[in-house]
S.K.: 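Before I ask anything, here is the structure I am working with.
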Amino acid sequence: MITADLHCHSVASDGHLTPQELVARAEAAAVNYFAITDHDTVAGYMTVADGYVGPLKLVAGVELSSQFNGMSVHIVGLNVDVNSEAFKQHLASQAQSRMNRAQQIAEKLTRAGLHGVSEFIASLGDKPVSRPDIAQYLVASGQVGTVKQAFDKYLGAGKAGDVKQFWPDMTEAVQWIKDAGGVAVFAHPESYKITRTKLRKIIDAFVDAGGAAIELPHEPNSGDFWKYIGRLAAERELAGSVGSDFHTDQQPWRQIGRVPQLPNNLQPVWELF
Ligand code: AMP
Ligand code: MN
Ligand code: MN
Ligand code: MN
């Protein structure tokens with residue numbers, strides 16, 4: 001049986017392990033298809049892809065930040081041509097957006113009574129700043145107790161530090177992936193706290209834009225919702241993708257190679273590569 005883990009993060013974005021460590025984990029878990037999908041960058045993938053000889057089928061991947069009707073939406077791109085000039089430019093513009101967004105988050109958090117965020121961001125230099133970076137700074141500087149509290153109070157959806165207007169429309173993100181010869185995947189449908197009607201509307205727009213696959217939801221939401229996504233995918237002729245969305249060992253329920261089941265009636269996304 002072919003197995004896959006087509007969604008995880010390295011230190012090139014908000015993951016805790018190096019790309020080399022991720023590859024070692026994937027080899028140990030004996031997955032076939034493996035993709036490192038850092039937020040808005042392929043830098044991590046690039047450090048392991050060149051000259052890789054090993055059992056994995058390494059797939060070029062990325063997780064693009066985008067928005068749909070004012071909501072943050074994540075689109076995974078698989079099997080993209082990382083040498084495409086247009087794609088490289090889009091990623092450069094995402095990196096710039098991340099920098100601009102970080103400044104705006106800092107200003108908003110300062111107005112909310114927090115201190116030192118601008119200085120912290122400046123100290124990171126060229127590293128694309130993510131909200132988990134800022135959350136960790138807030139914990140380290142004693143301004144919140146935990147990363148979870150930082151998101152619940154300041155950084156999560158709808159809070160002062162949730163700034164999404166810099167991101168492209170979801171349809172644009174899908175087009176960038178398609179133009180680079182890749183497959184656009186609707187990531188973690190279980191992560192959006194919205195009604196099924198609204199989710200269906202977003203997935204319809206994703207399909208209309210040329211999106212070709214959807215991730216099956218993870219365990220806490222499996223069962224009924226897993227079946228729902230399987231039905232929706234079949235109805236819209238979407239392929240199925242699976243990924244752990246691994247970031248860190250501090251979330252033991254997300255491990256490399258530990259992915260949801262792919263329903264028998266869905267085409268596996270790797271058949272589109
Ligand atoms: P960003 O790409 O900078 O918008 O940061 C988004 C990332 O923050 C996600 O990919 C998750 O890894 C992380 N994240 C989102 N919500 C939470 C949360 N409630 N608690 C902890 N981490 C979160
Ligand atoms: Mn992340
Ligand atoms: Mn995501
Ligand atoms: Mn992710």
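In listed order, ligands and their atoms are each counted from 1.
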S.K.: Any nitrogen or oxygen of R101 lying under 3.5 Å from a nitrogen or oxygen in ligand 1? Just yes or no.
M.R.: yes
S.K.: Can D5 and R25 be counted as an ion pair, charged N to O under 4.0 angstrom?
M.R.: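 Answer for the salt bridge query: no.
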S.K.: Please tell me if the side chains of I203 and F186 come closer than 4.5 Å, counting only heavy atoms from C-beta onward.
M.R.: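 Yes, their side chains come closer than 4.5 Å.
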S.K.: Could an N or O of ligand 1 be found under 3.5 Å from any N or O of S65, whether backbone or side chain?
M.R.: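 No, there is no polar N/O contact under 3.5 Å.
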S.K.: If we ignore hydrogens and angles and just use 3.5 Å, is the side chain of R131 paired with the main-chain N or O of L155 as donor and acceptor?
M.R.: yes
S.K.: Counting both backbone and side chain atoms, is some N or O of R131 under 3.5 Å from an N or O of ligand 1?
M.R.: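 Yes, at least one N or O pair falls under 3.5 Å.
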S.K.: Starting from atom 11 (C) of ligand 1, which protein heavy atom do you reach first, and at what distance in Å?
M.R.: D14 OD2, 3.9 Å
S.K.: Could you check whether D152 pairs with K159 (Lys NZ or Arg NE/NH1/NH2 to Asp/Glu carboxylate O, under 4.0 Å)?
M.R.: no
S.K.: Of I177, V269, V59, which meets side chain to side chain contact (heavy atoms under 4.5 Å, CB included) against N79?
M.R.: V59
S.K.: Classify the contact between H247 and ligand 1 as side chain, backbone, both or neither, using a heavy-atom distance cut-off of under 4.0 Å.
M.R.: side chain
S.K.: State, yes or no, whether a side-chain contact exists between H188 and P217 at a heavy-atom distance under 4.5 Å.
M.R.: no
S.K.: Considering only heavy atoms of P132, which atoms of ligand 1 have at least one such atom less than 4.0 Å away?
M.R.: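 So the atoms of ligand 1 that pass are 5 (O), 7 (C), 8 (O), 13 (C).
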S.K.: For a distance under 2.8 Å, tell me if H9 has an N/O/S atom near the Mn ion (ligand 2).
M.R.: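 Checking H9: none of its N, O or S atoms is under 2.8 Å.
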S.K.: Hey, which N, O or S atom on H188 ends up closest to the Mn ion (ligand 3)?
M.R.: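 Result for H188 and the Mn ion (ligand 3): NE2.
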S.K.: Is any side-chain heavy atom of N69 less than 4.5 Å from a side-chain heavy atom of I202?
M.R.: no
S.K.: Within a 6.0 Å radius of atom NZ on K201, are there more than 12 heavy atoms belonging to other residues, nucleotides or ligands?
M.R.: no
S.K.: What atoms of ligand 1 come within less than 4.0 Å of a heavy atom belonging to H39?
M.R.: 10 (O)
S.K.: Give the name of the N/O/S atom in E63 that lies closest to the Mn ion (ligand 3).
M.R.: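 Sorting the N, O and S atoms of E63 by distance to the Mn ion (ligand 3) puts OE2 first.
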S.K.: Looking at D14, pick out the N, O or S atom nearest to the Mn ion (ligand 2) and give its name.
M.R.: OD2
S.K.: Below the 3.5 angstrom mark, is there an N/O of S130, backbone or side chain, next to an N/O of ligand 1?
M.R.: no
S.K.: Using a 4.5 Å cut-off on heavy atoms from C-beta on, say whether the side chain of K88 contacts that of V82.
M.R.: no
S.K.: Which residue holds the protein heavy atom closest to atom 15 (C) of ligand 1, what is that atom called, and what is the gap in Å?
M.R.: F151 CE2, 3.5 Å
S.K.: Quick one: report the N, O or S atom of H74 that is nearest to the Mn ion (ligand 3).
M.R.: ND1
S.K.: Quick one: look up the protein heavy atom nearest atom 2 (O) of ligand 1 and list residue, atom name and how far away it is.
M.R.: R98 NH2, 3.0 Å
S.K.: Is it true that R101 and D133 make a salt bridge, defined as a side-chain N closer than 4.0 Å to a carboxylate O?
M.R.: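 Not counted as a salt bridge, because no side-chain N and carboxylate O are separated by less than 4.0 Å.
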S.K.: Should D152 be counted as touching ligand 1, given the test is an N or O pair under 3.5 Å?
M.R.: no
